S.K.: 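The structure that follows is given in the form of structure tokens.
Predicted model, so just to flag it, every value in this text is computed and none were measured. Chain naming here is simple, since letters A, B, ... match the order of the sequence lines and numbering starts at 1 in each.
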Amino acid sequence: MRHGSGVRAGKVPFTFNGQAYWGQEGDTLAAALLANGVKVVARSFKYHRPRGIMAAGVEEPCALVTVGDGGRREPNTRATDVFLYPGLVATSQNAWPSLSFDIGAINGRLSGLIPAGFYYKTFFGPPSRWMLYERVIRRAAGLGKAPVEPDPDGYCHRAAFADVLIVGAGPAGLAAACVAAESGARVILLEQDALPGGSLLAHAVSIDGVPGAEWARGMVDRIRAAGGRVLFRTTATGYWDDNFITAVERLAEPGQVPSGPVQCLWKLRCERVILATGALERPLVFAGNDLPGVMLASAAQTYAARYGVAPGQRAVVATSHDAGYRAAFALADVGVAIVAVLDTRSDPVGPLVHAARSRFPVHTDARVLSARGRKGVLVGLEAAIGGGRQTFAADLLAMSGGMSPVLHLHRQAGGALVHDPVRDAYLPGEGRQNHVCVGAATGEGDLATILSDALCRVPVEDPLGAAGAAWPGPVWRQEARGKAFVDFQHDVTTADLALAQREGFVSSEHVKRYTTLGMGTDQGKTGAMVALAQMADLRGVALPEAGLTTFRPPYTPVTMAAFAGTMRGDHAGPIRRLPLAAMHEALGAQWVPAGVWMRPRAYPAPGETIGEASVREARMVRNRVGIVDVSSLAKFEIAGPDALALVLAVCATPVSKLAVGRGRYTVMLREDGMVMDDGTVWRVAHDRWLVTSSTGGAARMARHWTYVRDVLLDGARAAVVDVGERWAGIALAGPSACRVLTGLINAAAPAHMGLVDATIAGVPVRVLAASYSGERAFEIHVAAHRVGPVWQALHAAVVEAGGGVYGLDAMDHLRVEKGHVVIGAEADGRTTPADLGMGGMLRKAGGFVGWQGLMRPALSETAGRRHLVGITALDDEPLPEGAMLVMQIGEEPQGHVTTAAPRIAAGEGAWIGLALLTDGVARHGEIMVAWSPVRDKAVRVWVGPPMFHDPEGVRYRD
Amino acid sequence: MTDLIPSPADDLVALDLWRGEDVARLEAVLGFALPGPGKAVPVGSGYVLRVGPWRWWLDGDGFDGGAIASALGERGVITPLGGAWRRVRLVGDDWRGLLMLSGLFDAEVSSFGPGSVASTLLCHAPCCVHVLPDAVAEVYVPSSLAEHCFAEWEKAGWKIRLAAPAIWSA
């Protein structure tokens, strides 16, 4: 039975590589594996070297395993960051056929052929050779394997607001949170561990008369009692603008079956942020520093003090500063024999050193030269001590090259870094977003000082005494042959950094990308500063001049599902439903997303394809009558004394002479003169207008209307009310439409572009005589909550007249024949009204938005611009939409096909389309090729006017 | 009890005034209060909610549109919105928590109490939240997005009580 500040009594069964083991409640997988004597847990990325457990927290670079199975399988999980639960299943990665015998280890013998940057050199030579390399590299790349089954678990998002957000529940964070909460502030405290306390969990210190871990738990109780929110297993992943922080809360461990959502993405908006993110230990650099059995001294201390685990039997502690000595004491307390303490300093002093000298053999001016292994694990090491050399037999080497403050979030927030020449390290400078760093994150190592700085003045007792000198700078110099790693996860050695330097990759950004230094899931948390020190030495500059790469979120890997939250599957995005959705479903509609709306595409009869159905429906409208749901169109009511002025500003066509009850087609321009949207404008009362526009542009037009009113017209007295959802819309179109309508409303149908108010099936409706199809047509507006009976009455009437319902595809075929443009296709943001043949529609006096843009010389000339044309296929095959228009295949495109459709009305050619063609209006009669190399299609087309049906508009009139 | 009780907001009307109008004078003319930003007041069996800089919603069947339009004259307009919005009442201890799952506004702050109104995004849909007395809130959801929002809230563990009460009381 192990004892430690973090373990409890219960036994927890788990498996690793199919072997059953037991751990204790509170163990991480790493602690449990070490307790069971498992030292090799993975194979490294490139050389497939055996790897053990290096650290005890999220900075772990080596012990990456796969946890869970099926859709819950999580590869690349740090064994140090998953807490045991009964039935946990873990497997090693990047080894075949087994961890102990891995074929990939041959890469180690071939390391001379695959140094840093070899990947880029495979681009030299003939491209065909790259295709061979690519196959091999792709198979070898990566570590774990992602699951292929769908993730069965749920993820949620939650927002929270705080006066003070504290990141890190170590002593500094706890003190700050307690002071803030008890002063009445809304406090949120985040801690990525399962327990509060941070470094206190591995330090035998007393605070205010109680052990540090117990003090930490008491502080959490006080924070919660004061109304603070404390979240464990919650990592602050990103620090964004305006004090917006994202954090991921693990509600279940990797692979564990959850009782609710498995993770929650917190979106936190805070007045002030306190970063108590602590510091991470740096490794030492020597040959073989990646052998299983070599670990960070603070990790060894944690395994001993928190988990009661002896990570080895015979240990050497190698350190460059006082705090590293604590590992020796902690290890000795769990029965590890301390063979030696090697201190790189020549004359260390202080209470820690003094206490150590009385218990352990301490050597100064001592550096590890190389670690030796047998069967893939550490068995001993050679050290330089003074002027001589000495070997030690050991199965554990606890190394410490100093500490680096964790400043990732500080940098993401735009905080400055200040180089401390004493520590040769970066400390936090001024923050930019009302945030501050506290505790070890500022470089402060003394616990009493940390608590005092947080206005938490309580007695601190450290039986070993406080650390004396500050942490020294990173130590990188390698003095023995063999691979010495600076980035353990990506197998980057000191030799790789030297190679990069020789090949001219000098800047830190180039070195990073050339060697892949810091590009693993650990983001170089342990080795980055050591590598930076080497780069600075190689360039002969001071550390600050070596440069830094950018700190980017997330701080630790985040599963994509956490970002998605509940927006998955059918709810990947919000879906807008038509008010008549149920009726369309009952009629057998095939749905299609149109932006965020789901609209009926067609209503295929049994055995019909969608294409066949759409042609049938379109012919039905051309020859008889049909109804289509157009409820999704944007609709705005503009009302007030200045309504006309606002409409004149937004709509570029003449409108002021429209009488009440009359409307017209209109177009709306951007300020640069390009067509932004089109629709219809109706005068429903003296000072009230109804303007319709495209479905897809609804949000854009809503913003535009209010922008024009509030900014360009300086607050005109005109209300802009979005009535898009207030009015459901049904378009009734076809040669029999008028007869159908008059039969329903028992009154005369309005003339083309007129409107009347009427009733259908006892429900008030507004009938707008407008046509998109080219036939006599009416758009019938009904209050959305009353549209059901109206639709049913219309449907019954059109069926009796030999017609039926039609969908979006049929509507598109019909409008192409009439040359009506669609926003997004023909009006693609680069076309002016003149380009689309609408120049003559515009108000000659101007005064509308975009008028001045059209005055620009480049737009007042139409020559050289792309004009709307109609195209007819000369070959009997469909026109490929998006195809380029060329004279000969392979030439530069002179335009493109914007929309293609089958011909519905009688005429030459089975396939027609609309296109934008350079100088198109002057090129009617030319024969070109619609060429789509990606679809391997080339169709000859005849260029003509963009109108294929009823050019005089006779069919609009009764 | 954690229930969602949807109902149509068929009588909803938008009342727009022009920038700079004398609101207090118009209140006297109209005969009911026009609450300040972020507020709502009960009027008869309905409510007046401030939803925009110069826009109010009148929700209830007791508002006479014609009379209001006459009283306003040229100082404002009203526009019926019936059918455009669904109203859903949140009844349960953690309605604030539900809103924090759906949106990014502070529903947990103590000042967001009875009579408060927030125009915000919930489940990526433009919504309006109105806090009622007795720890109840009403959310106005665009009709086309109601199914989407309700599905998201059901996923969060709230139950849609489909049968609306016969009498809709404030």
Side-chain angles (χ1 to χ4, degrees), chain A residues 154 156-162 186 229 244 260-261 264 266-269 565-567 570-571 573-579 581 596-598 631-632 637-643 687-688 699 706 709-710 714-728 782-787, chain B residues 8-21 52-55 69 72-86 97-110 121-126 141-149 151-157:
Chain A
C156 67
H157 290 183
R158 201 188 192 289
F161 289 71
R186 288 170 84 185
R229 177 180 264 148
F244 181 66
C264 181
W266 287 80
K267 302 173 187 176
L268 305 164
R269 185 75 73 184
T566 59
M567 309 289 279
D570 289 344
H571 292 272
I575 292 173
R576 299 183 78 167
R577 298 275 182 205
L578 298 167
V596 291
W597 290 92
M598 290 301 283
S631 299
S632 61
E637 285 199 22
I638 316 297
D642 297 333
D687 278 342
R688 186 177 287 264
T706 50
R709 180 194 65 189
D710 292 342
D714 195 22
R717 294 172 303 161
V720 176
V721 184
D722 185 340
V723 292
E725 297 222 30
R726 147 76 171 168
W727 297 111
V782 191
H785 60 296
R786 304 188 70 180
V787 68
Chain B
D10 297 345
D11 299 316
L12 198 63
V13 169
L15 185 157
D16 285 89
L17 300 181
W18 315 135
R19 197 200 307 169
E21 286 288 343
W54 289 93
R55 174 169 294 169
L72 283 174
E74 286 210 335
R75 289 165 292 192
V77 294
I78 62 168
T79 308
L81 293 177
W85 297 86
R86 299 283 301 280
L98 177 69
L99 296 185
M100 302 305 283
L101 286 173
S102 320
L104 194 62
F105 84 108
D106 196 355
E108 290 178 325
V109 68
S110 57
L121 288 177
L122 296 174
C123 305
H124 301 274
V141 176
S143 295
S144 65
L145 286 163
E147 180 186 307
H148 161 74
C149 290
E152 291 295 302
W153 292 334
E154 277 193 299
K155 266 192 242 172

S.K.: How long is the span from the CG atom in A:D722 to the OG1 atom in B:T79, to the nearest 0.5 Å?
M.R.: 11.0 Å

S.K.: A:A728 versus chain B, heavy atoms under 4.5 Å apart: side chain, backbone, both or neither?
M.R.: neither

S.K.: Output yes when a side-chain donor or acceptor of A:E725 lies under 3.5 Å from a complementary backbone atom of B:S144, and no otherwise.
M.R.: yes

S.K.: Check each atom of A:V720 against the heavy atoms of chain B and say whether the ones under 4.5 Å are side chain, backbone, both or neither.
M.R.: backbone

S.K.: Of the backbone (N, CA, C, O) and the side chain (C-beta and beyond), which part of A:V723 lies under 4.5 Å from a heavy atom of chain B, both, or neither?
M.R.: side chain

S.K.: Assess the residue pair B:S143 and A:R577 against the criterion (side chain to side chain donor-acceptor pair (under 3.5 Å)); give the C-alpha distance rounded to whole Å, side-chain angles, the decisive distance to 0.1 Å, and a yes or no.
M.R.: CA-CA 8 Å; B:S143 295; A:R577 298 275 182 205; over 6 Å; no

S.K.: Between B:R86 and chain A, with a heavy-atom cut-off of 4.5 Å, which part of the residue counts as in contact: side chain, backbone, both or neither?
M.R.: neither

S.K.: Count the heavy-atom pairs under 4.5 Å between each of B:G20, B:G82, B:G103, B:G83 and chain A, then report the option with the highest count.
M.R.: B:G82

S.K.: Which atoms of B:I78 come close to chain A, meaning under 4.5 Å heavy atom to heavy atom: side chain ones, backbone ones, both, or neither?
M.R.: backbone

S.K.: Against chain B, label A:P579 side chain, backbone, both or neither, depending on which of its atoms sit under 4.5 Å from a heavy atom there.
M.R.: neither

S.K.: Take B:E21 and A:R717, measure what salt bridge (Lys or Arg N to Asp or Glu O under 4.0 Å) needs, and give me the verdict at the end.
M.R.: CA-CA 10 Å; B:E21 286 288 343; A:R717 294 172 303 161; over 6 Å; no

S.K.: Report the C-alpha distance between A:F161 and B:M100 in whole Å, list the side-chain angles of each, state the deciding distance to 0.1 Å, and finish with yes or no for side chain to side chain contact (heavy atoms under 4.5 Å, CB included).
M.R.: CA-CA 10 Å; A:F161 289 71; B:M100 302 305 283; 3.9 Å; yes

S.K.: Under the criterion side chain to side chain contact (heavy atoms under 4.5 Å, CB included), I'd like the reasoning laid out for A:V596 against B:L145: C-alpha separation, chi angles, the key distance, then a yes or no.
M.R.: CA-CA 10 Å; A:V596 291; B:L145 286 163; 6.0 Å; no

S.K.: Between A:R786, A:K267, A:M567, which has the largest tally of heavy atom pairs under 4.5 Å with chain B?
M.R.: A:M567

S.K.: Can you tell me if B:K155 uses its side chain to pair, donor with acceptor, with the backbone of A:T566 under 3.5 Å?
M.R.: yes

S.K.: Is A:W727 in contact with chain B via its backbone, its side chain, both, or neither, using a 4.5 Å heavy-atom distance?
M.R.: neither

S.K.: Thinking salt bridges, do A:R269 and B:E108 make one under a 4.0 Å N-O criterion?
M.R.: no

S.K.: Need one label for B:E152: side chain, backbone, both or neither, based on atoms under 4.5 Å from any heavy atom in chain A.
M.R.: side chain

S.K.: Between B:R19 and A:R709, does the side chain to side chain contact (heavy atoms under 4.5 Å, CB included) criterion hold? Intermediate values first, please.
M.R.: CA-CA 11 Å; B:R19 197 200 307 169; A:R709 180 194 65 189; over 6 Å; no

S.K.: With chain B as the partner, which of A:E637, A:H157, A:R186 has the greatest number of non-hydrogen pairs under 4.5 Å?
M.R.: A:R186

S.K.: About how many Å separate CZ of A:R158 and CG of B:L101, when rounded to the nearest 0.5 Å?
M.R.: 5.5 Å

